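Structure first, then comments.
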Protein chains: 2
Amino acid sequence: MRKTSCELCTNVNCFVKMYCSPEWIHKISLSKSQVYFKQNQEIIKEGELVLGMFFIQQGKVKVVSTGLDGRQQIVRFANDGHILGHRGLGYERYPISAVAMEGSLVCFVVNDLLSEVFMANPKLSMGLMVFYSRELRKIETRMKNIAHMNLREKVAEALLLMMEMFGLNKEHELNVPFTREDIASTVGTNVEQISRQLTEFESAKLIQKRGRKVVILKKAGLEHIISKHFMQYAK
Amino acid sequence: MRKTSCELCTNVNCFVKMYCSPEWIHKISLSKSQVYFKQNQEIIKEGELVLGMFFIQQGKVKVVSTGLDGRQQIVRFANDGHILGHRGLGYERYPISAVAMEGSLVCFVVNDLLSEVFMANPKLSMGLMVFYSRELRKIETRMKNIAHMNLREKVAEALLLMMEMFGLNKEHELNVPFTREDIASTVGTNVEQISRQLTEFESAKLIQKRGRKVVILKKAGLEHIISKHFMQYAK
DNA sequence: TTTTATACTTGCGAAATCGCATATTTTTAA
DNA sequence: TTAAAAATATGCGATTTCGCAAGTATAAAA
């Protein structure tokens, strides 16, 4: 498989394409590398040296933080155009892992080039700062939710989170391969609790279980479950 | 009280002083405003319009996210040199509030000037990106901890968090005014549980309660309680 | 100083969550 | 297609956390 040049790449959400000058896009295109990761392969491994940043050209990824005990926490999901490894900035080693949830194509740019790019393309830095600020906002909200919601609410939120990131296929199933364990790691509980809660949602006709797959029947119903935790501001 | 000029300000942790050119420091100094906030006053109010960024010249601050029900989550603590309101970047309204835990002096820079500053001082943007990335890392770790730790561990972590940010005074008390409610909001539980847990820590001779104040007797003991949740990488 | 308000503590029953054990189903591999 | 492995479902007792209530201590106000 040949490397896609940035100039020909059709991913319109890529930060490089959005914020860099044509000359710099060309430079990056020349020196970047590109790797295909199979389902469940680790793109980034917690504890490894930070060598650069990853840009998802096309794929579905979970970002996980692993405890000493092996328990995992899914910190966020990512897909096309999203960045991986930016938390390594200013650090020696990656604080988290990133795992492909299905086959994913990822571009990689080394640190030295990145520094040059940032100094020469202030719009990229600005764009990334806005991105960071949104990430912070999202995760802060999620932290509050994990702290305040009960299990039922947290599972509802996890389903909505996955739906927002990966969408539904034509059969209205969540459009990403995942296990009960993944939901448990998102929510901070164990697989049994997820099973029980999904069963309950199914009896309430909010979802339908199809083997490992989950069909979203009533998004509004799930949203209603968590609505009391969200403030909406007057415009 | 007169406004401190940036040139004469002694806060060495300020991002402006660290990363901007002398001309830009001067420009900022001229157009910034400076406000003193008393204990428990709101520096930033969730839902209000984002007009700029705040830089803490000297003070102690908690950043809180409030639920519809009024339940609060302390998202992080901040002190001298830290930034407030940066999560508003790219947003219309602030997603969180910031409250002075004791009298605090804060500088404010409006949006328009900020954009100019970023475009003209790429090192500032870089510095801020590293800052953001560290914030992300911290909060992701904290999210995992809130999700995985039991109450005892979470309270130990909250005490260590405050100690790291605000230090101890000569009597080894946590050097910041706070209530049990503050710890509860950090941990995601209620005041009663905090009382019980502090009592338990006191019997274990890890801390000593002096009215509202908390003396840290054995930091290593608190660290040991949470150690099983932290990975350390080989150098 | 005295009073009042606020914050803190503790007991105890209720509720939620956990975690083992086991059965079933689904997926993967042969 | 069949066999083996992995993932899912569910009952149930154990454990943790919650939340009210009532009392005590501390800080703020008069």
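The chains referred to below are lettered A, B, ... by the order of the sequence lines, with proteins before strands, and numbering in each begins at 1. Small disclaimer: the values here were computed from a predicted structure and weren't measured.
A 6.0 Å sphere centred on NZ of A/K209 holds more than 12 heavy atoms belonging to other residues, nucleotides or ligands.
Close approach of DNA chain C to chain A, defined as any atom under 4.0 Å from a non-hydrogen atom of the protein, starts and stops at C/dT17 to C/dT27.
A/E200 places its CD atom 14 Å from the P atom of D/dG11, with the value rounded to the nearest Å. A/E192 places its CD atom 14 Å from the C1' atom of D/dG13, with the value rounded to the nearest Å. The interatomic distance linking A/N190 (CG) with D/dT10 (P) rounds to 15 Å, in whole Å. In this structure, A/R180 atom CZ and D/dT10 atom P are separated by 11 Å, rounded to whole Å. Atom CG in A/L151 sits about 15 Å away from atom P in D/dT17, given to the nearest Å. Rounded to whole angstrom, the span from the CD1 atom of B/I194 across to the C1' atom of D/dC18 amounts to 13 Å. Remark: C1' of D/dT16 and CG of A/N150 are 16 Å apart, rounded to the nearest angstrom.
The heavy-atom pair separating A/K60 from A/S104 by the smallest distance is N-OG, 3.2 Å. In plain terms, the two heavy atoms of A/P177 and A/M101 that are nearest each other are CG-O, 3.5 Å.
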Notebook entry, point to check: What's the verdict on side chain to side chain contact (heavy atoms under 4.5 Å, CB included) for A/E153 and A/K228, showing C-alpha distance, side-chain angles and the deciding distance?
Noted result: CA-CA 10 Å; A/E153 293 164 341; A/K228 64 175 261 204; 3.9 Å; yes
Note to self: Show, in sequence, the C-alpha distance, side-chain angles and deciding distance for B/E48 and B/E42, and conclude whether the side chain to side chain contact (heavy atoms under 4.5 Å, CB included) test is met.
What the structure shows: CA-CA 12 Å; B/E48 283 189 350; B/E42 267 190 323; over 6 Å; no
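Separating the CG atom in A/L206 from the CG atom in A/L159 is a distance of 9.5 Å, to the nearest 0.5 Å.
Contact check for A/F201 versus A/V214: no side-chain heavy atoms found under the 4.5 Å cut-off. Side-chain contact between A/F37 and A/V61 is absent, with no heavy atoms from C-beta onward closer than 4.5 Å. A 4.5 Å side-chain heavy-atom check between B/V110 and B/L51 finds every atom pair outside the cut-off.
Checked options B/Y94, B/F55, B/F54, B/F108; the residue passing with B/L84 is B/F54 (criterion: side chain to side chain contact (heavy atoms under 4.5 Å, CB included)).
Within 4.0 Å of A/T179, counting heavy atoms only, lie sugar-phosphate atoms of the nucleic acid but no base atom. Residue A/T199 is classed as a sugar-phosphate contact, given heavy-atom separations below 4.0 Å to backbone atoms only.
Ion pairing between B/E140 and B/R137 fails under the 4.0 Å rule for side-chain N and carboxylate O.
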Please list, for nucleotides 3-6 of chain D, all pairs of protein and nucleotide N/O atoms separated by less than 3.5 Å.
none

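A donor and an acceptor atom sit less than 3.5 Å apart, one in the side chain of B/R196 and one in the base of D/dG19.
Taking 4.0 angstrom as the limit, A/K209 places a side-chain polar atom (N or O) nearer than this to OP1 or OP2 of D/dA9.
For the helix from C/dT1-D/dA30 to C/dA30-D/dT1, the end axes, each set by the C1' atoms of five terminal pairs, are bent relative to each other by 50° (nearest 10°).
Checking A/G211 against A/R152, the closest nucleotide of DNA chain C that is more toward the 5' end is the one next to A/R152. Place A/R210 and B/S195 on DNA chain C by their nearest nucleotides, and B/S195 ends up nearer the 5' end.
Between A/T186 and A/K154, the side chains place no donor N or O within less than 3.5 Å of an acceptor N or O (distance only, hydrogens not considered).
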